[in-house]
2 protein chains.
Amino acid sequence: MGKGLDETDLTILKHLQKEGRAQRNQLAEIVHLSVPSVSERMRKLEEKELITEYRAILDAKRFKFDITAFVFVEVDGSENYPRFIEQIQQEPEVLECHSITGDGSHILKIRTENTDSFEKLLSRIQSWDGVSKSRSNVVLSSFKETTELPIEKTIDPK
Amino acid sequence: MGKGLDETDLTILKHLQKEGRAQRNQLAEIVHLSVPSVSERMRKLEEKELITEYRAILDAKRFKFDITAFVFVEVDGSENYPRFIEQIQQEPEVLECHSITGDGSHILKIRTENTDSFEKLLSRIQSWDGVSKSRSNVVLSSFKETTELPIEKTIDPK
DNA sequence: CGTGAAATCACGTTCGC
DNA sequence: GCGAACGTGATTTCACG
């Protein structure tokens, strides 16, 4: 379907992962191409949804989010999964939700204001149908936290 | 130190979290202000490092990253921590590393190509000084994965 | 597909309020 | 601190290779 990407595309993607607001003429200089060419490549990368979005990343510690936690949730009965996923979407303090192998059926990444709001969020989650138990690991410090994929190792997206 | 943010700043931040390349005139329209005012506010938000960076988000599934996993690592002896953190920085497939409460001393979020590269990464990590054991939870599906902070609940960053 | 030139639009600065 | 106007530079469009 989508054709492969060349080295130039990868360089552009690599740079945009770090500098999401990088200008087209800067990119053009880096890849030794004209501005319209870079523009066209970016348009295609966005159109193909290889780039799904651009985001400003905020410093969570500077806002009121003192607690980051990973919560393992056990959802019993797969008939309860769809409703569970729906309810997760309504909780903005839940940044991530993945179903996983191993103990627990889902892992959540949570950012919330304090122990109080954390406790309230947990009781809300535990009140949902099928949620039998949860285990929380609260983050003490973060040493690395990026969304940057090491695409130098990749060749052809599908 | 840093004064509080008003509703306008929060609206700008909220929008930039979703649209990292949003233009100043678009933002100006949303918040009913002039372009220079918005420009000035963005400059200050960046200067204060409330916005730490802008990033393009790529679709991991469309590249060659078939495996996402959360790995709990037990690092024995806090004298081994600094070296551990250093080595983590050198592993681009490790997207996140947090020290945590509960079992294991650190949790890692990993994205890698396949079971083969995953196994290799794990043995590399387990070979580091102080790393006694690890437990992996491989992601089956992801239902939510964002970096967006629910800053509507926040008022004053420090 | 890539380039170069022209038109359009966004951006940063300066000014007056 | 905000809004208006100017000058600069970035982005888009188009004709052409």
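To find a chain, count down the sequence lines: A is the first, B the second, and so on, and within it residues start at 1.
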Query raised in the report: Just by modelled atom types, is the B:V138 backbone N or O under 3.5 Å from a matching donor or acceptor in the A:T101 side chain?
Result: yes
Query raised in the report: Side chains of A:S105 and A:E74: do they bring a donor and an acceptor to under 3.5 Å?
Result: no
Query - Check: B:F70 ring centroid to A:F70 ring centroid under 6.0 Å - result: yes
Query - Between D:dT11 (P) and A:E46 (CD): distance, integer Å - result: 12 Å
Enumerate, atom names and distances included, each donor-acceptor pair closer than 3.5 Å involving a side-chain atom of residues 76-83 of chain B, sequence neighbours excluded.
residue	atom	partner	partner atom	Å
B:D76	OD2	B:S132	OG	3.0
B:N80	ND2	B:D76	O	2.9
B:R83	NH1	B:E86	OE1	3.1

Report task. Using Watson-Crick or G-U wobble pairs with both distances under 3.5 Å, give me DNA chain C in dot-bracket, 5' to 3', with [ ] for crossers and | for pairs to another strand. Result -> .||||||||||||||||
Query raised in the report: Do any N or O atoms from the side chain of A:S117 and from the backbone of A:E113 form a donor-acceptor pair under 3.5 angstrom?
Result: yes
Report task. Check ring-ring contact (aromatic ring centres under 6.0 Å, His included) between A:F72 and all other residues, then give those that pass, not counting sequence neighbours. Result -> B:F72
Report summary line: Contact string for nucleotides 3-17 of chain C, one letter per nucleotide 5' to 3', B = base within protein heavy-atom range under 4.0 Å, S = sugar-phosphate only, - = neither, reads BB-----SSSB----
Query - Side chain B:T52, main chain B:E49, donor-acceptor under 3.5 Å - result: no
Query raised in the report: Taking CZ from A:R41 and C1' from C:dG2, how many angstroms apart are they, rounded to a whole number?
Result: 9 Å
Between N or O atoms, less than 3.5 Å apart, protein on one side and nucleotides 15-17 of chain D on the other: list the pairs.
none

Report task. Just grab all the side-chain hydrogen bond (donor to acceptor under 3.5 Å, both in side chains) pairs involving residues 140-149 of chain B, residues at least two apart or on different chains. Result -> A:R55-B:T146, A:H98-B:S142, A:S99-B:S141, B:K109-B:E145, B:R111-B:E145
Query raised in the report: Any chance the side chains of B:T11 and B:T8 put a donor and an acceptor closer than 3.5 Å?
Result: no
Query - Under 3.5 Å: donor-acceptor pair, side chain of A:D66, backbone of A:N114 - result: no
